[in-house]
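Comments concern the structure below.
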Amino acid sequence: MGAPTVSRLPDRIRRLAPLATLPLLAAWFLLVAAYAWVTDGDFISRDQWHFLPMVDHYLSGTLDWHELWQSHTEHVKPGYYLLFLLNARYFGLDMLLETMAGILLLGIASFILLRAMAAGRERDAAMPALALLAAGAVLMSFNQWANYGYGLLSLGGFGGMLAQTLVFLGFARLLGPGLDLRRGALLALALACAVLGFSGARGPALVGACLVAALLAWLLTPEARPRILRQGGAFLLLGGIAIGIYVSLLHYSAPVHAGLADGLKTVLLHPLQALDYVSGILAESMLDLPMLGGSRPLLALVPALPLCAYLLLGWCLWRYFRAAHWRRSWMPLLLILYSALFTLEVLVGRFGSDNGQLHGSQVPRYVFDAHLWLVGCAWILGLDWLEQRATPDRAALRRMLPAGLLTAMLGLELINLGLTLRTAPFQVRANARVALQLRAVVTGTGTLDTLPKWECPSQGLCEQGIAILDKYHLSFIRDAADPVVLARLQQAATPAPRSPPQP
């Protein structure tokens with residue numbers, strides 16, 4: 001075979017460009033894993049104290065399966081609970097192991113989604129590398145640092161993200177070429193795992209996004225209506241049944257129903273404030289606003305972020321339908337719809353809460369759901385970039401727009417990376433201090449009332465939890481008096497001395 005002609009080289013380079021993103025995305029994932037490893041606290045924290053009585057019942061052989069469906073909030077994640085129990089039995093409630101397992105699930109979910117994105121075009125028109133980089137940086141964003149250091153959000157949240165990704169990929173195929181029996185069974189299994197295992201209260205947003213996409217596919221593809229009705233109808237019926245089972249097993253009390261009703265009423269009575277709340281969620285999904293601190297150049301971006309988010313979202317949706325990108329894949333729309341419905345759930349459930357710190361719109365733990373619309377936009381911009389490249393008669397600005405927007409998205413993620421790394425030493429010190437305080441309580445040299453509120457929800461709950469941990473020798477109880485561990489934590493909890501100013 002002869003050497004390729006010069007005219008064929010650019011096309012070949014473009015086809016190989018997505019492969020060049022692999023080492024960059026792998027390095028980004030390793031950076032996420034390293035951050036989680038360094039900043040994670042090796043102790044029971046926050047809502048996990050509520051799960052310790054279940055651990056006691058499991059290890060003593062008195063567990064009732066209904067306990068897997070009990071919760072003190074609107075979330076119940078039996079899949080996470082089961083993994084929590086297995087961690088207690090086989091690994092002594094190793095919280096670092098739990099967190100790193102969640103980071104691994106994040107990597108798997110990101111790889112599957114990016115692989116589908118890269119495969120969404122013909123071989124002679126590969127997805128632009130910049131689109132893959134921007135989508136990968138968003139999926140593994142350091143804006144969601146709060147989910148990298150807490151096992152419930154890491155293992156439970158990213159476990160749900162993986163299951164939901166599989167559901168969306170299966171449903172997107174259902175709306176496109178259709179599903180065979182084997183893929184249909186896998187889709188049903190992923191749906192059950194998501195709604196009944198890991199997604200918690202995110203289940204309605206998951207099924208709702210599929211419902212809206214199915215309705216749009218019904219309108220846009222008349223030739224596929226019988227198949228969409230047959231396969232999509234069965235899936236949505238199964239999704240409704242799964243959500244019904246989930247809600248019925250929650251044993252919701254009247255105050256919870258009243259709280260949801262009051263939340264909806266508050267939204268309807270304060271539409272402008274509710275719009276501002278949604279704008280805060282959109283802005284936070286792009287840039288970690290609480291981390292900005294005193295950075296005046298970055299703070300100048302804050303007022304413009306919601307407007308930029310609405311413009312970007314509106315442009316991408318217009319291009320998606322105007323250019324019929326849905327013929328390529330329904331995945332971008334599913335991701336955007338899911339973020340929109342998740343934001344609606346947060347709005348109804350959290351808007352107007354007295355606890356603004358935990359229930360406000362700018363909360364990092366919401367990011368791993370709220371920012372998926374950016375992945376959908378990156379996907380659409382990548383498809384649009386290819387279309388613009390295929391029509392060289394377009395205006396230069398129009399052809400450069402997708403690349404410019406993708407570069408801006410990647411730039412925001414680099415800012416999030418810088419902000420998170422800047423505060424990493426503080427996270428390490430804060431967790432080390434809490435670890436020392438917990439060990440002091442166990443050894444009788446400290447008291448629970450010295451713990452921060454975010455660590456110990458109530459003194460009675462933590463006293464009961466420590467007794468259970470001590471009974472089975474779990475978690476931080478195992479090395480509470482280990483001098484080597486204590487010395488290491490003491491060193492981590494002490495700020496590094498500042499060097500004297502140079503003359």
Side-chain angles (χ1 to χ4, degrees), residues 32-60 80-81 83-104 145-156 423-497:
V32 169
Y35 174 83
W37 180 276
V38 171
T39 61
D40 181 61
D42 63 336
F43 47 81
I44 300 296
S45 182
R46 286 160 277 189
D47 288 350
Q48 290 173 329
W49 290 101
H50 293 271
F51 310 151
L52 292 180
M54 182 170 53
V55 170
D56 183 24
H57 298 160
Y58 174 64
L59 295 179
S60 64
Y80 169 77
Y81 293 169
L83 295 177
F84 191 78
L85 296 178
L86 293 176
N87 187 359
R89 176 173 290 278
Y90 297 106
F91 302 102
L93 273 183
D94 188 329
M95 293 295 100
L96 181 59
L97 174 66
E98 180 176 276
T99 297
M100 298 310 296
I103 298 298
L104 178 61
W145 59 267
N147 306 326
Y148 294 155
Y150 178 32
L152 177 57
L153 294 177
S154 179
L155 183 57
T423 58
F426 169 78
Q427 298 292 339
V428 172
R429 289 197 299 272
N431 283 334
R433 289 169 183 168
V434 171
L436 284 172
Q437 289 173 298
L438 285 169
R439 285 163 172 81
V441 172
V442 173
T443 57
T445 59
T447 58
L448 285 171
D449 54 11
T450 61
L451 291 171
K453 184 64 177 178
W454 60 264
E455 162 57 21
C456 180
S458 71
Q459 187 166 339
L461 180 66
C462 293
E463 287 177 351
Q464 180 191 23
I466 289 178
I468 294 171
L469 295 176
D470 184 56
K471 177 180 178 181
Y472 298 103
H473 206 58
L474 302 174
S475 193
F476 57 85
I477 299 288
R478 292 173 294 173
D479 56 16
D482 189 326
V484 176
V485 173
L486 294 176
R488 175 177 56 81
L489 290 173
Q490 188 65 51
Q491 182 181 10
T494 305

Taking all non-hydrogen atoms of both residues into account, name the closest pair between [X] and [Y] and its distance.
X    : Y    : answer
K453 : P457 : NZ-O, 2.7 Å
N431 : G41  : ND2-N, 3.7 Å
I103 : A36  : CG1-CB, 3.8 Å
V428 : A492 : CG1-CB, 4.2 Å
A480 : V442 : CB-CG1, 3.7 Å

At what distance, to the nearest 0.5 angstrom, does [atom1] of [X] lie from [atom2] of [Y]?
X    : Y    : atom1 : atom2 : value
L52  : I466 : CG    : CD1   : 9.5 Å
L83  : L155 : CG    : CG    : 5.0 Å
D449 : C456 : CG    : SG    : 9.5 Å
T450 : Q437 : OG1   : CD    : 4.5 Å
W49  : I468 : CH2   : CD1   : 9.5 Å
R478 : D94  : CZ    : CG    : 6.0 Å

Among V484, L436, V434, find the residue that satisfies the side chain to side chain contact (heavy atoms under 4.5 Å, CB included) test when tested with L489.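 By the side chain to side chain contact (heavy atoms under 4.5 Å, CB included) criterion, L489 pairs with just one of V484, L436, V434: L436.
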Only one of I477, V55, L438 forms a side chain to side chain contact (heavy atoms under 4.5 Å, CB included) with L469, so which one is it?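 Running side chain to side chain contact (heavy atoms under 4.5 Å, CB included) over I477, V55, L438 with L469 returns exactly one hit, I477.
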Around W454, counting heavy atoms of other residues, nucleotides and ligands shown, do more than 12 lie under 6.0 Å from its CH2?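 It does: W454 CH2 has more than 12 such atoms within range.
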Given 3.5 Å as the limit, does a donor-acceptor pair link the side chain of [X] with the main chain of [Y], or not?
X    : Y    : value
S475 : F43  : no
N87  : E98  : no
T99  : L96  : no
R433 : A430 : no
T423 : F426 : no

Check: [X]/[Y] side-chain N/O donor and acceptor closer than 3.5 Å:
X    : Y    : answer
Y472 : D56  : yes
Y150 : R46  : no
N147 : S154 : no

Identify whether the distance between the nearest side-chain nitrogen and carboxylate oxygen of R439 and D482 falls below 4.0 Å.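 The answer is no: the pair does not qualify as a salt bridge.
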Step by step, would you call M95 with Q48 a side chain to side chain contact (heavy atoms under 4.5 Å, CB included)? CA-CA 10 Å; M95 293 295 100; Q48 290 173 329; 3.6 Å; yes
For E463, give me all partners under side-chain hydrogen bond (donor to acceptor under 3.5 Å, both in side chains), at least two apart in sequence or on another chain.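 Here the qualifying residues are Q459.
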Enumerate the ring pair (Phe, Tyr, Trp, His ring centres under 6.0 Å) contacts for residues 84-104, please, sequence neighbours excluded, ordered by first and then second residue.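 Output for this query lists F51-F84, Y80-F84.
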Report yes if the side chains of P425 and P495 come closer than 4.5 Å at any heavy-atom pair, otherwise no.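 Not touching, per the 4.5 Å side-chain cut-off.
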Evaluation steps, side chain to side chain contact (heavy atoms under 4.5 Å, CB included), between T447 and V441: CA-CA 5 Å; T447 58; V441 172; 5.6 Å; no
